[in-house]
Enquirer: 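Quick one: the structure is below, and I'll ask about it shortly.
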Amino acid sequence: MSQMEFEKLKLKDILEKYEEYINDTKLELKNIYKLYNQDEAKEREHNLKNRLYSLEVNVDKPYFARIDFDNENGLKDICYIGKVGVSNYDNEIIVVDWRAPISSLYYDSAIGKTSYKVNDDIINGNLKLKRQYNIENKQLIDFFDVDTVSNDDLLKPYLSVNADARTKNIVATIQEEQNDIIRSEFSKNLIIQGVAGSGKTTVALHRIAYLAYNYRNLIHNDQYMVIGPNKFFVNYISDMLPELDVNDVAQYDLVELAETFINQKLNLQNENEIIKKYLNGYKNELPKIKTDLEYKNIIDAYFKDYFTNNINYKPITIYDFVVIDPTTIEQYWEEVLKRDYDDLKSAINRLINLLSKFCENNKETILSKINKHIDLKIENGSDLLECRKMRTNMINKFQSNINSIIKNHFKLMFKKSTVIYDDIKNNMNKYTDNKILLQNIDNILKYEDLPALIYIEYKINGYKNFDKYRHIVIDEAQDYNTFSFIALQKIFPKASFSIYGDIAQSIYAYRSLDNWESIKNNVFKTIDIKYLNKSYRTTIEIMNEANKINKYLNLPEASAVIRHGNEVTYKKVLKTEEFIPLINELMADGKKNIAIISKDAETSNTLYLKLKNNINLTNISDRSVENINGICTISCHLCKGLEFDAVIINNVNNFDINNTLDMKLLYVAMTRALHSLVITYNDSIPRILQ
């Protein structure tokens with residue numbers, strides 16, 4: 001029997017067992033409320049539905065690799081590795097999950113002596129075979145043994161397909177440097193600096209999938225969070241985790257996260273309007289200051305005063321009887337402030353506890369004083385029945401409700417974060433002599449105000465219930481600044497962080513990072529910086545063209561997998577209708593997902609309105625919820641992190657070569673293309689691209 005015949009029979013056998021397991025799962029779902037009590041059945045039903053979804057999504061390609069490993073104890077493991085691990089109801093392993101410890105041999109090891117780690121144990125042995133399969137629609141197309149071909153040759157079949165097919169094959173193409181990040185320890189804080197197309201988002205999501213699988217007995221899926229650059233991007237990646245057998249992960253952009261944390265809808269100035277101003281040469285140092293350490297220090301100084309001066313020193317009373325006098329409140333508050341609490345809620349809770357304990361310790365004395373207080377009223381001629389009723393009510397309130405009375409006494413200190421923020425800005429001159437701040441600060445909320453609002457809410461109410469999260473993934477993190485990371489670290493006190501970005505794609509330079517060192521030095525006690533320097537997205541021809549911009553900006557140039565394609569095409573376009581033959585030509589060449597990328601949102605929308613009557617396409621905005629499918633118009637700042645079969649740059653002459661922001665936007669746009677890049681112009685090709 002030939003190897004191909006053997007592998008086809010093996011696939012048939014695994015598919016039969018796989019589908020039998022799917023049917024068994026459906027049967028259990030059907031009878032779930034007969035098998036378990038109501039609460040247990042409800043939870044199990046949720047988990048089984050998620051499980052069934054991932055099984056059915058992956059059944060057409062149940063596995064992508066095989067390893068044969070002989071361990072030093074004489075045990076021989078033959079593992080077929082898939083996106084989803086499957087063990088049937090008799091606990092027979094059908095497919096090994098790619099996240100299982102033994103699967104690391106496929107990603108990291110060459111044929112020969114090697115080892116893998118299970119918890120703290122090292123399993124030594126001999127890797128005999130490492131094989132990769134091309135399976136489509138339950139049919140074995142081809143297979144080859146990995147160590148017999150070069151790494152780039154291995155990747156070519158996967159990288160040359162359309163964008164939608166690439167996402168389904170990602171697990172099979174994870175590279176050693178990517179796998180090292182994915183399988184890093186849960187507690188490690190990581191910064192991943194990756195060039196365009198290096199798989200940052202892929203690695204980010206697969207790291208969550210890996211952690212969710214290996215720490216499933218310790219951490220629930222809803223204790224992970226992904227923070228993306230905008231709502232559209234979050235929607236774009238939302239289907240990827242369920243296909244990796246991970247559900248219930250929280251997903252936000254920073255605006256949504258801030259609104260959720262402060263429990264208030266924010267009316268931010270339109271980001272498109274702001275970026276357009278900067279693209280037209282506008283300069284203002286204020287956004288950078290608002291997102292850096294200096295602004296945090298101003299807020300800290302404000303709250304130091306707030307803690308001291310805004311305490312309610314009025315007496316705490318029941319009716320007209322003083323239970324706790326101002327001197328006692330001041331005495332205990334001074335005691336609380338010695339502990340240097342970071343947030344008001346923790347400090348006030350401590351004060352409430354101390355004052356409640358004071359009442360408990362002096363209970364008999366206070367009750368005696370209440371009685372004397374009422375007796376004196378009676379002596380002075382007050383109504384006897386009313387006084388007796390008052391005595392009973394006062395004693396009852398003191399004995400059963402004094403804690404709530406004390407708590408209500410201080411509740412006016414807990415104002416909305418936006419109200420506090422306005423007060424900080426109105427009194428800015430008390431806390432800084434920075435002329436830029438003093439002259440330019442206003443009450444219009446912008447994106448760069450989000451770190452301050454999150455931090456202010458934290459200073460008032462602590463981290464609230466956000467301490468439940470244990471791992472935070474931040475994608476496109478180069479668009480944040482030092483204060484942003486400090487604010488996030490404060491509200492996620494029990495979480496480790498994986499931070500992904502590319503300084504070369506920092507298109508919001510007016511408010512974002514210049515380098516990763518400021519995060520390493522000012523935010524996290526320990527954090528490792530790892531690098532992904534190879535682009536797996538674009539062809540060499542496209543990467544070489546995009547690297548002309550990096551070279552011009554004195555930024556590191558990216559290297560590409562050895563995958564050749566068409567040369568980058570330059571087309572002079574003077575009329576909108578001239579885009580139509582360009583699109584038709586790309587579609588005729590088999591390109592399904594095509595993006596026409598404009599410098600800004602307004603230009604993108606204008607182009608869409610002119611084209612929509614002649615061709616079926618979608619315009620992507622920052623609040624779009626639809627998946628990318630077919631042809632779209634989109635702006636540069638929204639296309640970060642996305643990829644398309646083909647890209648058409650709308651009029652490269654709109655990008656000012658003397659404006660660094662323009663050049664970074666152009667670089668981002670060019671590196672979205674998998675296979676074909678067409679650059680249009682209406683004047684001449686810019687000299688840096690010639």
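Treat the numbers as computed from the prediction; the structure is a model and nothing was measured. By convention here, the first residue in the shown sequence is residue 1. Any value given below was found using the heavy atoms of this structure, including those in side chains, with hydrogens, waters and symmetry copies removed.
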Enquirer: Tell me, with the steps shown, if Q505 and K200 meet side chain to side chain contact (heavy atoms under 4.5 Å, CB included).
Expert: CA-CA 13 Å; Q505 297 182 67; K200 294 184 293 297; 3.8 Å; yes
Enquirer: Just do the side chain to side chain donor-acceptor pair (under 3.5 Å) check on D422 and N426 with the steps written out, would you?
Expert: CA-CA 6 Å; D422 285 341; N426 291 335; over 6 Å; no
Enquirer: Do other residues, nucleotides or ligands put more than 12 heavy atoms under 6.0 Å from the CD atom of E517?
Expert: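 Check passes, neighbour count above 12.
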Enquirer: Would you indicate whether N267, at its atom CG, is surrounded by more than 12 heavy atoms from other residues, nucleotides or ligands within a distance under 6.0 Å?
Expert: no
Enquirer: Does Y480 form a side chain to side chain contact (heavy atoms under 4.5 Å, CB included) with I227? I'd like the steps, not just the answer.
Expert: CA-CA 11 Å; Y480 294 49; I227 304 174; 3.3 Å; yes
Enquirer: Is L661 close to I507 at the side-chain level, that is, under 4.5 Å between some pair of heavy atoms?
Expert: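 Yes - at least one pair of side-chain heavy atoms lies under 4.5 Å apart.
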Enquirer: Please collect all salt bridge (charged side-chain N to carboxylate O under 4.0 Å, His left out) contacts where either partner lies in residues 264-273, sequence neighbours excluded, each pair once.
Expert: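 Residue pairs passing salt bridge (charged side-chain N to carboxylate O under 4.0 Å, His left out), neighbours aside: E259-K265, E271-R511.
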Enquirer: Measure the shortest side-chain to side-chain distance between L257 and M225 over non-hydrogen atoms and say whether it is less than 4.5 angstrom.
Expert: yes
Enquirer: Test of understanding: with ring pair (Phe, Tyr, Trp, His ring centres under 6.0 Å), list the residues that count as partners of Y510, not counting sequence neighbours.
Expert: Y278
Enquirer: Ignoring hydrogens and angles, tell me if any N or O in the side chain of R339 forms a donor-acceptor pair with the backbone of E335 under 3.5 Å.
Expert: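 Judged by distance alone, no pair lies under 3.5 Å.
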Enquirer: For F466, give me all partners under ring pair (Phe, Tyr, Trp, His ring centres under 6.0 Å), at least two apart in sequence or on another chain.
Expert: F261, Y469, F492
Enquirer: With salt bridge (Lys or Arg N to Asp or Glu O under 4.0 Å) as the criterion, how do K363 and E360 come out once you've worked through the C-alpha distance, each side chain's angles and the decisive distance to 0.1 Å?
Expert: CA-CA 5 Å; K363 181 178 179 180; E360 182 65 29; 5.2 Å; no
Enquirer: So do the side chains of V226 and V234 get within less than 4.5 Å of each other, counting heavy atoms only?
Expert: no
Enquirer: NZ of K407: more than 12 outside heavy atoms within 6.0 angstrom?
Expert: no
Enquirer: Does the side chain of D248 reach to within under 4.5 Å of the side chain of N50, using non-hydrogen atoms?
Expert: yes
Enquirer: I need the minimum non-hydrogen distance between I491 and Y463, along with the two atoms involved.
Expert: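 It is O-CB, 3.6 Å.
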Enquirer: Mind checking side chain to side chain donor-acceptor pair (under 3.5 Å) for Y531 and listing every partner two or more places apart, or none if nothing turns up?
Expert: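 Applying side chain to side chain donor-acceptor pair (under 3.5 Å) to Y531 gives none.
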Enquirer: In terms of side-chain heavy atoms, does D479 have a donor or acceptor partner in S512 at a distance below 3.5 Å?
Expert: no
Enquirer: For E476, enumerate each residue passing the salt bridge (charged side-chain N to carboxylate O under 4.0 Å, His left out) test, keeping only those at least two apart in sequence or located in another chain.
Expert: K640
Enquirer: Taking only residues at least two apart or on different chains, which pairs with a member in residues 484-503 satisfy salt bridge (charged side-chain N to carboxylate O under 4.0 Å, His left out)?
Expert: D342-K490, D467-K494
Enquirer: Checking K446 now: which residues fulfil salt bridge (charged side-chain N to carboxylate O under 4.0 Å, His left out) with it, not counting sequence neighbours?
Expert: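 K446 satisfies salt bridge (charged side-chain N to carboxylate O under 4.0 Å, His left out) with D442 only.
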Enquirer: In Å and rounded to the nearest 0.5 Å, what is the CG to CG distance from N443 to D449?
Expert: 9.5 Å
Enquirer: To check you understand the geometry: which heavy-atom pair defines the closest contact between I460 and S417, and what is its length?
Expert: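 Of all heavy-atom pairs spanning I460 and S417, the closest is CD1-CA, 4.0 Å.
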Enquirer: Stepwise, does the side chain to side chain donor-acceptor pair (under 3.5 Å) test hold for T365 with N362?
Expert: CA-CA 5 Å; T365 302; N362 295 277; 4.8 Å; no
Enquirer: Identify the heavy atoms of G228 and F233 that sit nearest to each other, and give their distance.
Expert: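 Closest pair (atom of G228, atom of F233, distance): CA-CD2, 4.1 Å.
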Enquirer: Would you find a donor on one side and an acceptor on the other, under 3.5 Å apart, between the side chain of D292 and the backbone of K288?
Expert: no
Enquirer: Check step by step if side chain to side chain contact (heavy atoms under 4.5 Å, CB included) holds for I311 and I348.
Expert: CA-CA 9 Å; I311 193 75; I348 292 297; 3.7 Å; yes
Enquirer: Treating H206 as the side-chain partner and I182 as the backbone partner, does any N or O pair qualify as donor plus acceptor under 3.5 Å?
Expert: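 The answer is no, because no donor-acceptor pair under 3.5 Å joins these two groups.
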Enquirer: Is any side-chain heavy atom of I634 closer than 4.5 Å to a side-chain heavy atom of L642?
Expert: yes
Enquirer: Look up atom CG in N189 and atom OG in S498, then write down how far apart they are to the nearest 0.5 Å.
Expert: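 It comes to 8.0 Å.
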Enquirer: K397: what forms a salt bridge (charged side-chain N to carboxylate O under 4.0 Å, His left out) with it, not counting sequence neighbours?
Expert: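 Once residues adjacent in sequence are excluded, K397 has no partner under the salt bridge (charged side-chain N to carboxylate O under 4.0 Å, His left out) criterion.
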Enquirer: Test your reading of the model: is there a side-chain donor-acceptor pair from N353 to the backbone of S356, 3.5 Å cut-off?
Expert: no
Enquirer: Hey, are the side chains of F497 and V523 touching, using non-hydrogen atoms and a 4.5 Å cut-off?
Expert: no
Enquirer: What is the minimum heavy-atom distance between S346 and Y341, and which atoms define it?
Expert: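 Here S346 and Y341 meet closest at CB-CD2, 3.7 Å.
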Enquirer: Residues two or more places apart in sequence or in another chain: which of them pass salt bridge (charged side-chain N to carboxylate O under 4.0 Å, His left out) with D475?
Expert: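 For D475 there are no salt bridge (charged side-chain N to carboxylate O under 4.0 Å, His left out) partners, ignoring immediate neighbours.
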Enquirer: In Å and rounded to the nearest 0.5 Å, what is the CD1 to NE2 distance from I366 to H373?
Expert: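 If I round to the nearest 0.5 Å, the distance is 13.5 Å.
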Enquirer: Might you point out which heavy atoms bring R207 and E185 nearest each other, and give the distance in Å?
Expert: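 R207 and E185 have their closest heavy atoms at NH2-O, 3.0 Å.
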Enquirer: Test: salt bridge (charged side-chain N to carboxylate O under 4.0 Å, His left out). Region: residues 293-313. Which pairs qualify, not counting sequence neighbours?
Expert: K296-D300, D300-K459
Enquirer: Take K464 and E457 through the test salt bridge (Lys or Arg N to Asp or Glu O under 4.0 Å) and record every step on the way to the result.
Expert: CA-CA 9 Å; K464 300 198 264 195; E457 183 68 23; 3.0 Å; yes
Enquirer: For the CD atom on E602, are there more than 12 heavy atoms of other groups (residues, nucleotides or ligands in this structure) within a distance under 6.0 Å?
Expert: no
Enquirer: With sequence neighbours excluded, tell me which residues meet side chain to side chain contact (heavy atoms under 4.5 Å, CB included) with T328.
Expert: I324, D325, Y332, L355, F358
Enquirer: Return the orientation label for the W333 and F307 ring planes: parallel under 30°, perpendicular over 60°, tilted otherwise.
Expert: tilted
Enquirer: Considering all heavy atoms of both residues, which atom of I395 and which atom of L367 are nearest to each other, and what is their separation?
Expert: CG2-CD2, 4.0 Å
Enquirer: Quick one: CG on N481 to CD on E448, what's the gap to the nearest 0.5 Å?
Expert: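 Those atoms lie 11.0 Å apart.
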Enquirer: Can you name the residues that form a ring pair (Phe, Tyr, Trp, His ring centres under 6.0 Å) with F410, not counting sequence neighbours?
Expert: none
Enquirer: Are the side chains of L450 and L268 in contact, using a 4.5 Å heavy-atom criterion?
Expert: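 Yes, at least one pair of side-chain atoms sits under 4.5 Å.
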Enquirer: Any side-chain heavy atom of F485 within less than 4.5 Å of one from L513?
Expert: yes
Enquirer: Step by step, work out the ring-ring contact (aromatic ring centres under 6.0 Å, His included) result for Y213 and Y210.
Expert: CA-CA 5 Å; Y213 176 86; Y210 172 80; 7.8 Å; no
Enquirer: Relative to each other, are the rings of Y215 and F186 parallel, tilted or perpendicular (30° and 60° limits)?
Expert: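 Tilted, since the angle between the ring planes falls between 30° and 60°.
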Enquirer: What's the separation between atom OG1 in T432 and atom CD1 in I298, rounded to the nearest 0.5 Å?
Expert: 4.0 Å
